[in-house]
**Q** 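Sharing a structure, written as structure tokens. Questions coming.
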Amino acid sequence: MLFLGGEPFTSGGSKFLDQHPRFVEPTAKVFVKVAIPVFKGPLMAQVDTAAAYSTLETDVAESMGLFSRDEYPTLISTRLGTIRGQLLRLPLTLIAEEGTSLNVEATFFVSRQWRGPMFLGYTGLLDRLRIALDPLANMFFFGEGV
Amino acid sequence: MSRLAKLRADPEDEGLRVEEEIKSLLREGRIREAQDLLASAGDLVPSGSKLREILGPPRITVSDLKDVDRTPEYNWLNEHWVEHQGKWVAVVGDSLVASSSSLKSLLAQIDPLHFDRKPLIHHLI
């Protein structure tokens, strides 16, 4: 647990992956572990404060049977162009190795056209958490925002 | 006249009209405007509405779930990604336990298996 001004700031922490093999480029990426109920083990999601919305990887959405739903269609603009999809409310867990894990039920953008990884985006997810990075120890700390 | 003021001027099914207007904004990708309209709609959109849930903040609760230090799995991913590029992989410690071009197939492979620690599942695109 981290403290700020004597008060608890975060409640849990886990090691992150910052040299993700999918990206042969010099910019750093921070991937953290998440648990999604239907999967037998944790998956990696990229923490992206520049992403307007959280996005589910297409194969993951397919495995969860999410493409049979079409409740709130929308568009998002990506660096590869505009893609169509839908907004869905989904549960996941930010898994802690130290301290307390958090269940987070949040809105995700889901699209068959999406070719990227799972993003934990700013709006509607990270903007309600307290997060901190210790790059020297590769630790990602998180807690519920007040 | 604002978008909401126009909607309020119509006495019929104001709530439904507001919801349809918000959905229309979503279909156009104008998510922030949809959120703003919802925020200004007040009681026209009921508190239990699915729309409020979709456009609302996340719900956060404490979980008992715990995981172990995955440094061995991260090291494996960094060392072996070239030979498994494009595959979904399941890694336990410093060992690959399953690999497939589809997540569905990977999950079928690991489903009957038992592990001391849960496999880390990842896609090496």
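Chain letters run A, B, ... following the sequence lines, proteins first and then strands; every chain starts at 1. Quick caveat, the model's predicted, so the values are computed rather than measured. Atom set for the values below is all heavy atoms of this structure, side chains included, hydrogens, waters and symmetry mates excluded.
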**Q** Could you tell me whether the side chain of Ser63(B) and the main chain of Asn103(A) form a donor-acceptor pair under 3.5 Å?
**A** no
**Q** Please assess Met44(A) against Leu120(B) for the test side chain to side chain contact (heavy atoms under 4.5 Å, CB included), listing each intermediate value before the final yes or no.
**A** CA-CA 8 Å; Met44(A) 303 301 291; Leu120(B) 184 74; 3.7 Å; yes
**Q** Short question: side chain of Arg89(A), backbone of Glu53(B) - any donor-acceptor pair under 3.5 Å?
**A**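 Between the backbone of Glu53(B) and the side chain of Arg89(A) there is a qualifying donor-acceptor contact (under 3.5 Å).
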**Q** Please report the interatomic distance CG(Asp69(B)) to NZ(Lys15(A)), rounded to the nearest 0.5 Å.
**A** 4.0 Å
**Q** With a 4.5 angstrom heavy-atom cut-off, which part of Glu73(B) approaches chain A: side chain, backbone, both or neither?
**A** neither
**Q** Report whether Met118(A) and Ile95(A) are members of the same hydrophobic cluster (ILVMFWY, side-chain heavy atoms less than 4.5 Å apart, transitive linking).
**A** no
**Q** Give, as side chain, backbone, both or neither, the part of Leu102(A) having an atom under 4.5 angstrom from any heavy atom of chain B.
**A**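 It is both, since atoms from each part get that close.
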**Q** Answer with side chain, backbone, both or neither: which region of Leu94(A) has an atom nearer than 4.5 Å to a non-hydrogen atom of chain B?
**A**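 For Leu94(A), neither part sits under 4.5 Å from chain B.
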**Q** Determine whether a donor-acceptor pair (N or O, by modelled atom type, separation under 3.5 Å) exists between the side chain of Tyr72(A) and the backbone of Arg27(B).
**A** no
**Q** Can you tell which part of Phe108(A) gets under 4.5 Å to a heavy atom of chain B, answering side chain, backbone, both or neither?
**A**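 For Phe108(A), there is no contact with chain B at all, as no heavy atom is under 4.5 Å.
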**Q** Between Glu71(A) and Lys50(B), is there a side-chain N and carboxylate O pair less than 4.0 Å apart?
**A**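 Looking at Lys50(B) together with Glu71(A), the answer is yes, because their closest N to O distance falls below 4.0 Å.
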**Q** So what's closer than 4.5 Å to chain A heavy atoms on Ile31(B): side chain, backbone, both or neither?
**A** side chain
**Q** Is Phe16(A) reachable from Leu2(A) through a run of I, L, V, M, F, W or Y residues, each pair having side-chain heavy atoms under 4.5 Å apart?
**A**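 Not linked; separate clusters.
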**Q** Step by step, work out the side chain to side chain contact (heavy atoms under 4.5 Å, CB included) result for Thr61(B) and Val104(A).
**A** CA-CA 7 Å; Thr61(B) 57; Val104(A) 181; over 6 Å; no
**Q** Tell me, side chain or backbone of Thr123(A) under 4.5 Å from chain B's heavy atoms, or both, or neither?
**A**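 The side chain, not the backbone.
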**Q** Could you tell me the separation between the NZ atom of Lys33(A) and the CG atom of Leu65(B), rounded to the nearest 0.5 Å?
**A**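 Taking NZ in Lys33(A) and CG in Leu65(B), the distance rounds to 10.0 Å.
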**Q** Taking atom CZ of Arg59(B) and atom CD of Glu144(A), what is their separation to the nearest 0.5 Å?
**A**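 So the CZ of Arg59(B) and the CD of Glu144(A) are separated by 12.5 Å.
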**Q** Is it the side chain or the backbone of Val68(B) that comes within 4.5 Å of chain A heavy atoms, both, or neither?
**A** backbone
**Q** If you check every heavy atom in residues 126-134 of chain A against those of chain B, which residues fall under 4.5 Å?
**A** Arg128(A), Leu129(A)
**Q** Determine, using the 4.5 Å side-chain heavy-atom cutoff (strictly less than), whether Phe141(A) and Leu125(A) are members of one ILVMFWY cluster.
**A** no
**Q** With a 4.5 angstrom heavy-atom cut-off, which part of Arg117(B) approaches chain A: side chain, backbone, both or neither?
**A**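 For Arg117(B), no heavy atom lies under 4.5 Å from chain A.
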**Q** Which region of Val60(A), side chain (C-beta onward) or backbone (N, CA, C, O), has a non-hydrogen atom less than 4.5 Å from a non-hydrogen atom of chain B, or is it both or neither?
**A** both
**Q** Let's test your reading of the structure: which of Val82(B), Leu51(B), Val92(B) forms the most heavy-atom pairs below 4.5 Å with chain A?
**A**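 Maximum pair count with chain A is reached by Leu51(B).
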**Q** To the nearest 0.5 Å, what is the distance between CG on Asp59(A) and OG on Ser100(B)?
**A** 9.5 Å
**Q** Within the distance-only criterion (no hydrogens, no angle test), does the side chain of Thr107(A) pair as donor or acceptor with the backbone N or O of Leu55(B) below 3.5 angstrom?
**A**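 Pair absent, no side-chain N/O of Thr107(A) close to backbone of Leu55(B).
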**Q** Mind checking whether Phe3(A) and Phe140(A) sit in one hydrophobic cluster, side chains of I, L, V, M, F, W, Y counted as touching below 4.5 Å?
**A** no
**Q** Would you say Leu113(B) ends up clustered with Leu103(B) if hydrophobic residues are merged whenever their side chains have heavy atoms under 4.5 Å apart, either directly or through other cluster members?
**A**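 Leu103(B) and Leu113(B): one cluster.
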**Q** Quick check: closest heavy atoms across Pro42(A) and Pro119(B), and the distance to 0.1 Å?
**A**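 Minimum heavy-atom contact is CD-O, 3.3 Å.
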**Q** Go through the atoms of Ser63(A) and report whether side chain, backbone, both or neither lie under 4.5 Å from a heavy atom of chain B.
**A** side chain
**Q** Does Lys40(A) reach the main-chain N or O of Ile110(B) with its side chain, forming a donor-acceptor pair under 3.5 Å?
**A**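 Yes: the side chain of Lys40(A) pairs with the backbone of Ile110(B).
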**Q** Hey, does Thr100(A) have a side-chain heavy atom less than 4.5 Å from the side chain of Asp64(B)?
**A**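 They are not in contact (no side-chain heavy atoms under 4.5 Å apart), so the answer is no.
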**Q** Rounded to the nearest 0.5 Å, how far does CG of Leu88(A) lie from CD1 of Ile54(B)?
**A** 6.0 Å
**Q** With a 4.5 Å cut-off on heavy-atom pairs, point out which of Ala35(A), Ser101(A), Gly41(A) contacts chain B the most.
**A**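 Greatest number of close heavy-atom pairs with chain B: Ser101(A).
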**Q** Using 0.5 Å steps for rounding, measure from the OH atom of Tyr74(B) to the CG atom of Asp18(A).
**A**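 Tyr74(B) OH to Asp18(A) CG: 10.0 Å, rounded to 0.5 Å.
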